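Below, chains carry the letters A, B, ... as their sequence lines are ordered, and counting in each starts from 1. None of these values were measured; they are calculated from a predicted model.
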Amino acid sequence: MEKTIYNSLIQIISKVQGLDINPAEDRLIEIEMPRQETFGDLSTPVAMTLSKRLKKQPRKIAEEIVELIDSKDIYEKIEIAGPGFINFTFSRQFLSKKLSELLISGQDYVKEDVGHNKKIQIEFVSANPTGPLHLGHGRGAALGGSLSNLLRETGYHVVNEYYINDAGRQVKLLGLSVYARYRQMSDAAYPFPEDGYRGDYISDLAKEFVEISSKDHIDSLTEDDLVSEITDFSYKKMLNEIEADLEAFGVVFDVWQSEKELFKGNSTSEVQRAINDLKDRNYIYEQDGALWFRSTEFGDDKDRVIVKNDGEYTYFASDIAYHRYKIEQKYDELINIWGADHHGYIPRINSVIEALGYPKDHLKVLLVQMVTLLRAGTPVQMSKRSGEFITLREVIDEIGADTTRFLFLTRRPDSQLEVDIEVAKAQSQENPVYYVQYAHARINSIFEKAKETGAVDLGADADSGTGLYAVKLPDFNPDLFNDEEMRLIKKLLTYPMVLKNAALAHEPHRITFYVQELAGMFHPYYHRNRVVSEDRALTATRLNLCKAVQIILRHGLKILGVNAPDRM
RNA sequence: GCCCCCUUAGCUCAGUCGGAUAGAGCACAGGUUUCCUAAACCUGGGGCCAGAGGUUCGAAUCCUCUAGGGGGCACCA
C-alpha cells in the first residue's frame, strides 16, 4: 500500500519544476497513517516539506503533484487538505487485489526486506551465572528475543548471543558461598563469605554437589581444588538453569560466549591481542603501575584502567576483547541490550569501538529500564546478595510466559516498569494478551463451524492442529464487503508498514500495539456480522477476510514470542 | 556536585526520526447470550501532554531552565 504511493510520488517529484534533488534521498517523502478516517487511508506531508525548498505555497505544490498522478483506478479519491496534506483513499478494487495477494502468500506476504540480509548481532541478558534470572533480566530477554524475531522477519541475518561472565570475582564468590554452605553441613559455625550469595539455591547447590560426588573423591582433594571444583559445578549448573528458564520464556541463543575463553592462551589470548591492538594504535599508557586505556580521546569522562597495579585484568579488559572479537566477526551492526544501571558504561564501550577504527554507531546500546516489583502494592526488595528476589521462573510459573512477555512488550523499553505480581495474577482474566489470543482462537472456531456446514474444506495435511493454515478458501466477491470490513482490510494492509517501521526503530512494542488494535477491530466485527450463513457467496467472502486477520495476528504474535492458540 | 532515563485521563501506558480536533486498555456506571467461544460486545463521563521560556508555516514530540521520580558516577563486577 505504502509502496504504491511512494513509487508514484518518487516519479512525480523528480519531474517537479525547479527541484534539484533526488527525491529518494533524505527521507523526503514521508507516508503516514492519518489518525482520522476522514483524512484518507494514507497521507503525505511532502508538499509542505517541499515548500521550503521551492519557495512555493504547499497547497500549490500539492495541486501540481495530484495533477500528475495518473493511476486513477488505484485511488477512490486524492484530496488536498489542511495546510497541504495530500490524502489518499484507495479504491475497493485495489484493496481487494491486495487482500488476495495477502491470502495467497500467507505469512510470506509480510516479508518486508528492510535488512537486505545485513548481518546483525544482538547480545542480551548476559546475566552473571551466579544465580537464577530475575524479572529484570526477563525484560531484557523479552526485548532481545522479540527484536531478533522482528529483524529476522524483515530481512536481516541475526545472531543472538549471550556473554557469560565466568571469569571474574562474582563467579569465585559463588563458589566460595557454595563451599561455605557445604562446610556448614558438618560445622554450623563455619564462616560465610561477607558478600557471599545468600539465596536458598546456594544451599541446594551444596547438597546437589555432595549427592553427585563420592565422599572418597571429595576427601582426596585439597581445599583449593575442592573450591574450584565446586565453583565449576555451581556456575555450570546455574548456567543450565538460566538456559532452561530462557527456553521456557521462548528465547533461544545461537552463541554462548564464555569470558574465560577470551583469556585462553596467555600471550596469544583474545584479551592480550586486543590490548596489543590498542597499544599499536597508541591508546594505551602506563601510570601508577597500572595500564590505562585512553577513552577520554573519544569523549569518555576519564581514562579507564584495564590492568590493575596488582597485575589483574579489570572486567573492562575482557569487555574490550569481547567487542573486538565481535567486530572481527564482520557484523554490519552490533546491538547490546543492557539494564539501565549500566548506562554509565556506554561512553567507554563506544570509545573502544572508535579506537578500533569503527564509527561509534557500529554498536548500538539499547537500555532497558528497571523493573520495580510489587506484591500487593508494596515493593519487593531485590538483591541477589540477600537472596531476596523474585525469579523469572517464578513469574512464568505464576502468570505464564505469554502474559509476562506481552506485559514487557506493552511498554517502551526506556520507561520504568512497575509489575505487581498480585495484580498481574489477578488480572489474568482481563489481560490484554488473552484478548489478542482469543481473536486468533475465535477465527479458528469460525472455520470449524464453516467446516460443519460444508462451506469450506479444511485440509488434513496442515501445519496447525485444526488444519486452518492449509485450508483451501473459496473465491470471494469484493463487492460484498461492507464498510466495516473495508476498514478491517485497510488495517491489515498497513501491517507491513508497521513491521518495517518497527524494525527500523528497533521497537518490537509497536507490534504489540498493532496486534491489540487489530483484535480490537475484529471482536466488534464478529459481534455485528455473521460469518457462516446460508448465503454461500457472503460466507466465502467473510471467511477470506477472517483468514487474513488470522494470518496477520499469527505473524505478529510470533514476533512477540507469544503463542497463537487454536482454542482457548 | 556531574551525567543518563522518565513525567500524557482516577490507574497502567501508546502517540509513527515535528504534522491536521491528543488515543487505547483497566477501573467506574448501565446494558447484551433461543446467534460461528461472554477470555467477547454495546452505551457513558473523563486531559493546563509536570511547569516556564524559546526554535517555525506547525511542538506532547526539538532546545534551555525549573520541579518531581528512578538510575549511574571504582585500579567492583
Side-chain angles (χ1 to χ4, degrees), chain A residues 27 30-36 38-39 43 45 48-49 51-52 57-58 81-85 87 128 130 165 167-171 173 195 287-292 301-302 304-310 312-316 319 339-347 367 369-370 372 407 410-420 423 427-439 441-450 452-453 455 497-498 501-502 504-505 507 509-510 512-513 516-517 519-520 522-533 539 542-543 546 567-568:
Chain A
R27 292 183 304 234
E30 283 176 63
I31 294 167
E32 42 189 52
M33 298 175 237
R35 51 165 166 262
Q36 262 194 59
T38 51
F39 299 151
S43 92
M48 290 180 285
T49 317
S51 81
K52 266 175 234 161
Q57 290 196 346
F85 289 97
N87 297 338
N128 285 340
T130 52
N165 295 116
R169 194 180 115 80
Q170 296 308 320
V171 166
L173 206 53
D195 345 303
Q287 192 183 303
D288 306 331
L291 215 57
W292 298 71
D301 296 340
K302 49 175 294 189
R304 306 290 171 176
V305 170
I306 52 181
V307 182
K308 298 187 268 181
N309 60 15
D310 63 3
E312 290 277 311
Y313 293 101
T314 61
Y315 179 83
F316 187 44
D319 237 35
D341 52 341
H342 287 77
H343 85 264
Y345 216 78
I346 295 176
L367 291 179
Q369 282 293 333
M370 302 287 94
T372 316
L407 185 73
T410 44
R411 264 86 168 174
R412 268 183 12 244
D414 59 0
S415 65
Q416 283 151 231
L417 172 60
E418 274 192 2
V419 177
D420 190 314
V423 173
Q427 270 187 351
S428 62
Q429 288 299 305
E430 308 147 1
N431 201 295
V433 70
Y434 296 108
Y435 185 78
V436 177
Q437 288 181 320
Y438 185 46
R442 177 169 254 173
I443 293 170
N444 240 54
S445 152
I446 294 171
F447 273 82
E448 295 284 353
K449 182 74 181 180
E452 273 173 39
T453 62
M497 238 177 121
V498 173
N501 290 329
L504 288 173
E507 289 180 353
H509 73 268
R510 295 190 193 195
T512 318
F513 284 90
Q516 286 186 87
E517 285 162 17
F522 180 76
H523 286 303
Y525 164 73
Y526 168 90
H527 278 273
R528 278 192 285 260
N529 300 274
R530 174 118 198 132
V531 177
V532 180
S533 67
T539 301
R542 291 185 169 168
L543 283 174
C546 287
R567 217 176 292 273
M568 287 176 73

When the P atoms of rC26(B) and rA40(B) are compared, how many Å lie between them, rounded to an integer? 8 Å
What's the gap between rA52(B) and rA60(B) when it is taken at their C1' atoms, as a whole Å value? 16 Å
What verdict does the side chain to side chain contact (heavy atoms under 4.5 Å, CB included) test give for Leu367(A) and Asp414(A), after you've listed the backbone C-alpha separation in whole Å, the side-chain angles of each residue and the deciding distance to 0.1 Å? CA-CA 6 Å; Leu367(A) 291 179; Asp414(A) 59 0; 6.0 Å; no
Please give the distance between the C1' atoms of rA50(B) and rG31(B) as a whole number of Å. 39 Å
With P as the reference atom in both, quote the distance from rU56(B) to rC41(B) in angstrom, rounded to an integer. 47 Å
Using only side-chain N and O atoms of Arg442(A), determine if any of them is under 4.0 Å from OP1 or OP2 of rA38(B). yes
Work out how far the C1' atom of rU61(B) is from that of rA14(B), and round it to whole angstrom. 13 Å
In whole angstrom, what separates Tyr526(A)'s OH from rC41(B)'s C1'? 10 Å
In Watson-Crick or G-U wobble terms, both distances under 3.5 Å, what is the partner of rA14(B)? none
Going by ring centres under 5.5 Å and near-parallel planes (under 30°), is Phe39(A) stacked on rA20(B)? yes
Hey, what do you get for CE (Met497(A)) to CE (Met33(A)), rounding to the nearest 0.5 Å? 4.0 Å
Give me the distance, rounded to whole Å, that separates rC76(B) from rG69(B) when you measure between the C1' atoms they each carry. 27 Å
Between rA40(B) (P) and Asn444(A) (CG): distance, integer Å: 18 Å
Do Phe85(A) and the base of rA20(B) stack face to face, with centres under 5.5 Å apart and an angle between planes under 30°? yes
Residue Gln416(A), side-chain atoms from C-beta onward, closest of rG15(B), rC75(B), rG69(B): rG69(B)
Is the phosphate of rC6(B) approached by Arg412(A) (side-chain N or O, under 4.0 Å from OP1 or OP2)? yes
No-H, no-angle donor-acceptor pair, Thr314(A) side chain to rA77(B) base, under 3.5 Å: no
Between Lys302(A) (NZ) and rA74(B) (P), how many Å, whole number? 6 Å
Does a side-chain heavy-atom distance below 4.5 Å link Val498(A) with Phe513(A)? no
Can you tell me if the side-chain N/O atoms of Tyr435(A) get under 4.0 Å from OP1 or OP2 in rC41(B)? yes
Under 4.0 angstrom, heavy atoms only, what part of the nucleic acid is Ala505(A) near: base, sugar-phosphate, or nothing? nothing
Between the base of rG71(B) and the side chain of His343(A), is there a donor and acceptor pair under 3.5 angstrom? yes
Taking N and O atoms by type only, does the side chain of Asp341(A) place a donor or acceptor under 3.5 Å from a partner on the base of rA77(B)? no
